[in-house]
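All ligand and atom numbering here is 1-based and tracks the order in the structure.
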Amino acid sequence: MVTFSARAPGTPETAWAASMKLRALPALQLGDIESVVVISAHPDDEALGAGGLIARLASEGIPVTFIVATNGEASHPDSPTHSAIELRRRRRAEMSAAAAVMAPGSSVTFLSLPDGRLGEYITELHDAIRDGVGDGANVLILSPWKEDRHPDHRAAALAARKVARHVSVTLLEYPIWFWHWADANEVTAPWPLMRRHELSEADLRIKSEALEQHRSQVAPLSSQPGDEAVVDPASLRYFLRDFEVYVVARRDRE
Ligand SMILES: [Zn+2]
């Protein structure tokens with residue numbers, strides 16, 4: 001299961017802002033990209049981790065395909081107001097809205113695999129990514145980061161890496177929970193593989209708007225216990241920086 005407490009206070013964004021490790025990261029270099037396949041373990045992963053880069057690539061006319069592994073129905077297990085069925089319905093609608101904000105005209109594929117148990121469905125996820133990637137020529141895959149300490153994020157990364165072993169693609173993994181549990185000079189982080197992507201004002205604005213679509217996650221469902229925001233205001237600050245960080249898991253033609 002998840003090996004950190006999402007409810008406990010995370011590393012403050014002020015600590016990350018002062019991190020020399022982050023400041024020293026090299027800039028992300030992308031070669032010719034002809035299409036992008038974005039994988040979310042849960043609806044909202046993509047906007048949190050990669051919304052700015054997705055907006056940038058989409059604005060350049062690059063086709064974007066979203067593959068959403070689960071419907072995120074387990075986000076509020078103790079909610080007195082939302083059942084898993086209601087959360088599933090709501091989060092799918094939020095995902096479609098966020099995709100339309102980040103990449104108008106993009107396609108969204110919902111796999112509807114069980115939230116919290118993605119590790120049992122790596123083959124299904126792999127096959128869907130494989131279909132989305134086609135022959136892989138100049139394809140960029142964006143996936144949650146394998147070492148994010150969330151089992152579904154790990155499963156998504158394992159499926160993406162499996163595809164990348166057989167097809168010549170570039171695979172970038174985006175951290176999400178890392179910003180919460182890690183130390184600003186985290187010794188376990190793969191700093192040499194990490195890259196920084198600066199966001200333009202326009203891209204950051206689109207990212208912020210996409211995050212607002214995922215309202216069930218970035219705001220409380222109600223004022224009752226069990227309905228708290230999953231991504232609280234302190235955590236949201238990680239994702240509204242004017243840059244994003246990617247782990248280069250596989251580089252096409254390095
Ligand atoms: Zn997630």
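Of all N, O or S atoms in His42, the one lying closest to the Zn ion (ligand 1) is ND1. Within His153, the N, O or S atom at minimum distance from the Zn ion (ligand 1) carries the name NE2.
The Zn ion (ligand 1) does not have His150 among its coordinating residues (no N/O/S atom, backbone or side chain, under 2.8 Å). The Zn ion (ligand 1) has an N, O or S atom of Asp45 under 2.8 Å away, backbone or side chain.
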Check: residues 121-129 side-chain donor-acceptor pairs under 3.5 Å, at least two apart:
from, atom 1, to, atom 2, distance (Å)
Tyr121, OH, Arg117, NH2, 3.4

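Under the 30°/60° scheme for interplanar angles, the aromatic rings of Trp145 and Trp181 are found to lie parallel. Relative orientation of the Trp16 and Phe178 rings is tilted, given thresholds of 30° and 60° on the angle between their planes. Between His153 and His150, the ring planes lie parallel to each other; the angle is under 30°, not in the 30° to 60° tilted range.
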